[in-house]
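Below is one structure, written out as structure tokens; comments come after it.
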There are 2 protein chains.
Amino acid sequence: MMELTRKGEYAIRGIVYLAGKPMDKVYLLSDIAAAVDVPPTFLAKIFQQFSKMGLVKSFRGTGGGFMLGRAPENITLLEVVEAVEGPIIPNRCVVNPLNCERSGDCNVHPVWARVQGEVRGVLEGVTLKELASERQKV
Amino acid sequence: MMELTRKGEYAIRGIVYLAGKPMDKVYLLSDIAAAVDVPPTFLAKIFQQFSKMGLVKSFRGTGGGFMLGRAPENITLLEVVEAVEGPIIPNRCVVNPLNCERSGDCNVHPVWARVQGEVRGVLEGVTLKELASERQKV
DNA sequence: CCTAAAAAGACTTTATATGTCTTTTAGGGG
DNA sequence: CCCCTAAAAGACATATAAAGTCTTTTTAGG
Ligand code: SF4
Ligand code: SF4
């Protein structure tokens with residue numbers, strides 16, 4: 001359980017790749033896709049989502065492509081994951097206790113809240129800069 | 001992402017209900033299902049899995065039913081969840097680094113290992129006894 | 001106005017989740 | 001031995017989501 005989807009995995013690969021490149025240049029989607037070994041059409045969808053969230057900037061037409069929206073040290077893995085996978089929700093009652101009529105006296109409920117907090121904490125503590133760096137830091 | 005399935009949610013409800021009852025009695029699946037508001041046929045499948053793992057004991061025929069396999073304080077939420085949802089795996093490279101040819105120099109890889117550890121840690125720290133108790137402890 | 005490249009959205013295929021149904025096996029009681 | 005009860009097993013059905021493709025449109029440069 002709790003498995004990241006392909007989409008999420010591809011998303012991370014793609015943006016980490018971008019984070020490892022000089023920031024003031026644009027890169028072709030087709031090149032990124034080839035470099036990180038992801039179907040280009042699929043990665044296109046993913047980068048469109050990134051673009052809407054401001055994680056990357058897109059440029060159309062000749063000489064167009066993508067560049068990172070912010071400095072890599074200011075983008076966390078949490079943002080990247082949530083941009084394409086949606087919020088991290090171990091159970092629907094975490095979103096809103098009203099989603100389950102049992103939430104009132106349910107002892108399991110707070111456990112999921114803790115899980116959510118821990119996961120978010122880990123992912124929030126990792127930036128694209130660290131992920132794109134040569135040597136392991138984590 | 002990381003959402004528990006219905007199956008997992010139902011599984012927890014069912015076994016927590018059982019954990020809140022006197023342990024040396026058997027309970028009808030149909031009664032448990034009604035009490036925790038889960039389709040009986042579905043809960044049957046879930047309890048069959050529990051039975052195989054020894055989390056519950058089953059008795060067939062007249063006067064049959066289910067009882068908890070061990071004392072509630074000796075069953076963790078982690079066991080329950082993994083019994084029906086499978087192991088907690090944020091990404092397939094956590095199972096085996098060989099599942100991804102990039103795992104060698106991938107900085108993301110250890111992050112998923114950390115996530116897995118944190119989640120397992122939280123769930124392992126909660127027992128059915130706590131979950132079945134009247135007052136919240138967590 | 002021609003070409004390059006992303007945006008948008010419809011579409012297809014595959015896999016997983018969420019059940020249901022039927023038949024079989026085991027156990028207890030008359 | 002027969003019958004009734006209840007779980008086990010496994011086939012079956014449906015719905016939803018994941019994964020990926022294709023076509024058309026928009027934007028920008030030269
Ligand atoms: S029963 Fe408890 S853990 Fe399950 S969805 Fe409801 S509040 Fe959450
Ligand atoms: S690229 Fe890294 S994080 Fe992704 S599956 Fe491979 S090893 Fe794991």
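These numbers come from the heavy atoms of this one structure, side chains and all, not from hydrogens, waters or symmetry mates.
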Euclidean distance, B:Asn91 CG relative to A:Arg6 CZ, rounded to 0.5 Å: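 Rounded to the nearest 0.5 Å, the CZ-CG separation comes to 10.0 Å.
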Set of side chain to side chain contact (heavy atoms under 4.5 Å, CB included) partners for A:Pro40, sequence neighbours left out: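 A:Pro40: side chain to side chain contact (heavy atoms under 4.5 Å, CB included) contacts with A:Ala33.
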Pairwise salt bridge (charged side-chain N to carboxylate O under 4.0 Å, His left out) hits with a residue in residues 34-53 of chain A, at least two apart: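 Those involving residues 34-53 of chain A do not exist here.
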Any pair counted as salt bridge (charged side-chain N to carboxylate O under 4.0 Å, His left out), so long as it reaches residues 75-89 of chain A, sequence neighbours left out: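 As it turns out, the salt bridge (charged side-chain N to carboxylate O under 4.0 Å, His left out) pairs with a partner in residues 75-89 of chain A, which skip direct neighbours, are A:Arg70-A:Glu79, A:Glu82-A:Arg120.
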Whole-Å gap separating P (C:dA17) and CD1 (B:Ile46):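 After rounding, the gap between these two atoms is 13 Å.
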Between P of D:dC4 and CG of B:Leu28, the distance in whole Å: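 That distance rounds to 18 Å.
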Tabulate protein N/O versus nucleotide N/O from nucleotides 18-20 of chain C, keeping only pairs under 3.5 Å, one per line.
residue	atom	partner	partner atom	Å
C:dT18	OP2	B:Arg6	N	3.0
C:dG19	OP2	B:Tyr10	OH	3.1
C:dT20	OP2	B:Thr41	OG1	2.9

For DNA chain D, the residues among residues 64-71 of chain B that have a non-hydrogen atom under 4.0 Å from it: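 Of all residues in residues 64-71 of chain B, the ones placing a heavy atom under 4.0 Å from DNA chain D are B:Gly65, B:Phe66.
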Side-chain cluster (under 4.5 Å, hydrophobic types only) that B:Phe59 belongs to, other residues: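 Members alongside B:Phe59: B:Val26, B:Met67.
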Within the sub-3.5 Å range, which N or O atoms of nucleotides 27-30 of chain D have a protein N or O partner, and how far apart are they?
none

Ring pair (Phe, Tyr, Trp, His ring centres under 6.0 Å) partners of residues 78-108 of chain B, not counting sequence neighbours, each pair once: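 Qualifying pairs: none.
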Qualifying ring pair (Phe, Tyr, Trp, His ring centres under 6.0 Å) pairs, either residue in residues 101-130 of chain B, two or more places apart: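 Of all non-adjacent pairs touching residues 101-130 of chain B, none passes ring pair (Phe, Tyr, Trp, His ring centres under 6.0 Å).
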Check: residues 12-23 of chain A side-chain donor-acceptor pairs under 3.5 Å, at least two apart:
residue	atom	partner	partner atom	Å
A:Arg13	NE	A:Glu9	OE2	2.9
A:Arg13	NH1	A:Val36	O	3.0

ring-ring contact (aromatic ring centres under 6.0 Å, His included) partners of A:Phe47, counting only residues at least two apart: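 Result, ring-ring contact (aromatic ring centres under 6.0 Å, His included) vs A:Phe47: A:Phe50, A:Phe66.
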Residues which pass ring-ring contact (aromatic ring centres under 6.0 Å, His included) with B:Phe42, listed by chain and number, not counting sequence neighbours: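 Checked B:Phe42 against ring-ring contact (aromatic ring centres under 6.0 Å, His included); matches are B:Tyr10.
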Any strand: nucleotide that pairs with D:dG30 via Watson-Crick or wobble, under 3.5 Å: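 Here D:dG30 is engaged in a pair, and the nucleotide opposite it is C:dC1.
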